[in-house]
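All values reported here derive from a predicted model rather than from experimental measurement. Reminder, nothing fancy here: chain letters follow the sequence lines and each chain counts from 1. The figures here come from the full heavy-atom set of this structure, side chains too, leaving out hydrogens, waters and symmetry mates.
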Amino acid sequence: MIGIVVVSHSHALANAAIGLAAEMVAADNRPVIAVAAGLDATTFGTDAMAVSEAITTADSPDGVLVLLDLGSAVLSAELALEFVDPDVASHVRLTSAPLVEGLVAAVVTASTGASLAAVAAEAERGLLGKQDHLGGGGGVEAAAVAATDQTVEVVVGNEHGLHARPAARLVGLVNSFDAVVTLTDLDTGRGPIDAGSLSMVATLNAQQGHRLRVGASGRQAAEVLAAIGELAAENFGDEPTAAGQTGSRAAGSLASGSGLDVAIGPAVIAGAGVDLNDYVAGGDEAARLDGAVATVAEELGRLRDASPEHGGIFEAHLALLKDRKPLDEIRAAIAAGTPAPVGWKQTYDDLAKTFEGLDDAYQRERAQDVRAVRDRVLRALTGATVDEAADGGILVVPELDAATAATLAAAKVAGIAVRAAGTTGHGVIVARSRGIPLITGIGDVAVPAGATVAFDARAGSFEVAPDEDAVRRTITERQTERERAIEEADQPATTVDGRTIAVLVNVGSVQDAVEARGADGSGLVRTEVLFGDRRTAPSVDEQAEQFRAIARALQEKPITIRTWDIGGDKPLPFLPQDQEANPFLGERGLRVFRRRPQLLRDQLEAVRRVAAETPVHVMFPMVTTADEVAWALDELGPRPDGLEVGIMVEVPAAALRIDTLAAGLDFVSIGTNDLTQYTTAADRTNTAVAPLADGLDPAVLQLIDHVVRRAGVRVAICGDLASDPQAAVLLAALGVDELSAVGPQVPLVKERLRHADLGQIDTAAVLAARDATQVRGLL
Amino acid sequence: MGVDNFVNWLRDAAGSLHDNAAYLTELDSAIGDADHGANMDRGFRAIVALLDETSFETVDELMKKAGMTLVSKVGGASGPLYGTFFLRFGTALAGADLTPATIGEAFTAGVGGILQRGKAELGDKTMYDAWAPALDAYDAAVAGGADLAGALTAAAEAAAKGRDATVPLVARKGRASYLGERSAGHQDPGATSTTLLLESAARTLP
């Protein structure tokens with residue numbers, strides 16, 4: 001898909017134009033749209049450097065179309081082409097198309113996968129509809145129409161006729177088939193026009209009740225006519241649908257697991273690679289490769305669409321799959337007589353090695369993605385089936401990537417045992433949030449495929465051929481415990497010695513809030529996840545609407561909105577960042593917005609709006625200095641009554657001087673994952689050192705203890721530690737007021753707190769312990 | 001003669017544009033979008049900030065960096081136009097001895113960039129109407145044996161005449177062109193800022 005750049009004097013104008021165009025196409029189908037507009041949010045002007053950066057952001061092998069307003073926008077865009085890589089510049093096109101109409105036409109046409117030339121032509125015809133309507137236009141050539149050999153008639157049922165959005169649906173559908181399609185309005189006699197062109201369909205101006213003759217020719221003529229018949233029967237997608245579907249999940253695709261920490265079942269060994277020994281090469285290796293790549297592309301597209309929350313992972317896999325450079329290499333190898341799977345494997349193995357050799361941990365982790373794509377295509381080539389954990393099986397994997405964790409049938413797999421240690425990798429976090437029983441760090445223990453295995457993450461045990469009866473008794477006990485916990489989820493978490501701890505839920509989607517049981521609100525709304533599947537920044541209205549929906553799902557209990565927490569390992573498509581050698585120590589969280597505050601300002605506007613309607617707290621991530629706190633408060637401006645403000649404590653420096661930072665705040669919330677990795681200087685994504693990054697390390701607990709004693713305001717925990725019932729009790733004993741856990745763990749955390757006597761916990765001994773193992777022994 | 005002369009020029013030009021910002025904006029409000037003074041002032045203040053925190057070894061490095069600063073900070077069409085001017089000016093002086101002849105070639109290269117970017121012709125009521133006679137006067141002075149001071153003074157005087165000659169013209173480029181005949185009777189802001197730049201050069205560069 002081509003990328004699009006909007007150059008304008010005005011930041012507001014560019015964003016509004018994009019908003020208008022974006023409405024036409026589903027979020028997951030939009031091209032990347034980058035903006036270079038205004039010198040800042042309010043100063044009119046254009047900046048050639050910013051244009052060149054936007055072009056680089058939107059760059060795609062399919063090309064980039066640049067739409068611009070007037071005057072310096074044109075000069076700056078031309079100059080920008082001198083700044084970008086000549087290879088990139090060679091496939092960039094500056095268009096004289098009108099900004100608004102051209103952008104709408106370009107976004108719709110680009111979303112169908114059309115070529116740069118086709119998108120540019122459509123954009124340049126963007127005025128046709130308006131000229132035709134108002135008369136006196138002209139000068140723009142209508143698209144030529146080919147003769148067609150099959151026809152059907154459909155009726156326009158839509159109340160407002162074939163207006164922009166239904167027209168866009170029709171054009172998108174037409175362009176997904178290998179056929180030429182024309183439309184003639186039999187009631188007005190207009191046409192035939194090219195149905196693959198949005199501007200031409202718009203000029204048809206077909207009203208409700210008009211009969212259209214649809215003509216088609218080409219290889220898929222019959223198919224496309226049938227599909228158009230169906231689309232027309234559905235009023236071209238204009239049926240009143242439940243509003244605000246974006247961001248919600250496909251029903252059923254993410255049903256959750258048992259939520260237990262113990263499991264038993266036959267071992268399913270995965271990640272061992274695909275066996276190529278039985279592959280018989282033929283004379284059509286290149287065609288087989290193309291077929292396999294197409295199959296996998298379809299598979300990945302389906303996976304992406306089915307799980308918007310993790311769509312980014314599959315989008316990345318698609319990009320890897322379609323990377324031309326390795327494909328060219330493989331085609332050359334095939335031409336030289338290498339069988340397709342051998343060539344594919346060789347090239348992707350090399351690519352994975354290249355990633356593994358990089359300095360940057362985030363890039364290193366991409367090797368996992370390369371291997372995942374490699375194996376998908378190899379399976380498609382060899383016909384091997386994926387070792388899906390059969391009903392009730394335990395998946396044993398060397399490492400758990402987020403894609404696997406996101407797509408396993410959570411309700412079917414009994415559990416996952418990960419050989420690598422580390423409890424904070426992406427895959428582990430995803431699996432845990434889905435309630436799949438999980439144990440990490442089982443090491444090299446020999447596990448024969450199909451052997452019965454069991455684990456108990458609470459006890460830290462993994463057994464081959466276990467005492468099945470004993471395990472099943474434990475499972476029954478835990479189930480009872482869980483059921484009771486869920487039954488009593490709405491009871492407050494008051495400990496035996498009479499302290500009541502607020503237990504809240506972490507949410508990354510409205511669905512998370514809907515599914516939560518017993519939560520006293522949300523202690524962490526991950527806004528970057530909530531809108532992580534978006535290619536363009538959400539508007540203030542859209543953000544406010546999502547925040548409201550979360551608050552409603554939690555019965556208007558307080559929700560804590562964390563401002564965009566991006567950078568490090570969490571880039572956002574609509575806020576490109578410079579490459580950093582060390583992103584975890586670079587522009588993360590609040591730091592990102594010191595130079596470019598606009599996205600943050602929009603978000604704070606949405607927060608203030610919703611705070612006037614329902615209890616809302618806001619917190620800023622990755623704060624280090626009092627200066628940053630002052631800046632953030634300044635950006636927030638005057639706050640409505642009841643809007644509480646806090647910061648996250650993830651940086652040891654912030655923990656140590658919490659009394660300085662918390663002055664003037666209402667609360668602080670400790671992000672234990674980052675605090676742990678910064679305190680232990682251990683990268684949670686690097687399996688070699690991940691065991692060092694243990695949240696129960698006494699050094700981390702000492703910092704938490706320090707924060708509790710010195711903050712002078714409410715102290716919350718929203719990191720993973722709060723989701724571990726055992727750790728939760730310890731945190732409460734240290735004096736933490738509030739815990740925010742992943743959904744499935746909320747009832748369990750509350751249940752455990754209700755049975756805990758905090759006075760019995762020797763916090764002095766815990767803080768003085770020599771390591772995390774000793775801490776666990778004391779609990 | 002060295003980098004310092006050019007630093008002085010840029011600082012002096014910044015002062016002159018700052019002092020004349022209101023005047024330039026007034027000219028621009030008659031036939032444009034009333035931002036030329038503010039835009040130029042913003043761009044050159046950014047150059048001064050750059051000079052305050054960075055020292056430059058070579059003229060080409062200095063002028064290119066100044067050009068990039070204008071590209072990013074000016075905002076209006078004069079950003080890419082003057083930005084390109086300084087970028088080309090700097091490039092032309094890379095490794096060259098600083099003589100009236102080489103500096104003249106640098107001016108010619110810079111104005112070539114303005115033409116390529118803006119596609120203006122003589123009489124379009126643009127900054128080129130000041131640049132074109134200035135280049136001719138500079139080259140003629142150098143050919144006649146003038147030193148740098150003499151050549152720049154001649155250029156600045158010619159630019160001022162060109163600037164004054166823009167008054168009766170009808171604009172054919174930029175925002176002023178939307179006004180058509182109504183743009184006649186007003187002095188072009190771009191030709192005015194060009195003249196200020198050259199007058200500053202005559203004061204400080206030699």
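By a heavy-atom distance cut of under 4.5 Å, B/Leu87, B/Arg88 are the residues of residues 85-94 of chain B near chain A, going up by number. Within residues 81-99 of chain A, the residues having any heavy atom under 4.5 Å from a heavy atom of chain B are, by residue number, A/Glu82, A/Phe83. When the heavy atoms of residues 109-121 of chain B are compared with those of chain A, the residues falling under 4.5 Å are B/Gln116, B/Arg117, B/Gly118, B/Lys119, listed by number. Along residues 59-78 of chain B, the residues that come nearer than 4.5 angstrom to chain A, judged on non-hydrogen atoms, are B/Met68, B/Val71, B/Ser72, B/Lys73, B/Val74, B/Gly75, B/Gly76, B/Ala77 in order of number.
Atom CZ of A/Phe593 has more than 12 neighbouring heavy atoms from other residues, nucleotides or ligands inside a 6.0 Å radius. Under a cut-off of 6.0 angstrom, the local environment of CZ in B/Arg182 is sparse, with at most 12 non-hydrogen atoms contributed by other residues, nucleotides or ligands. Dense packing is recorded around CG of B/Asp52, with more than 12 heavy atoms of other residues, nucleotides or ligands lying under 6.0 Å away.
Taken to the nearest 0.5 Å, the OG1 atom of B/Thr84 stands 4.5 Å off from the CG atom of A/Leu79.
Contact annotation for A/Ala48: both backbone and side-chain heavy atoms come within less than 4.5 Å of a heavy atom of chain B.
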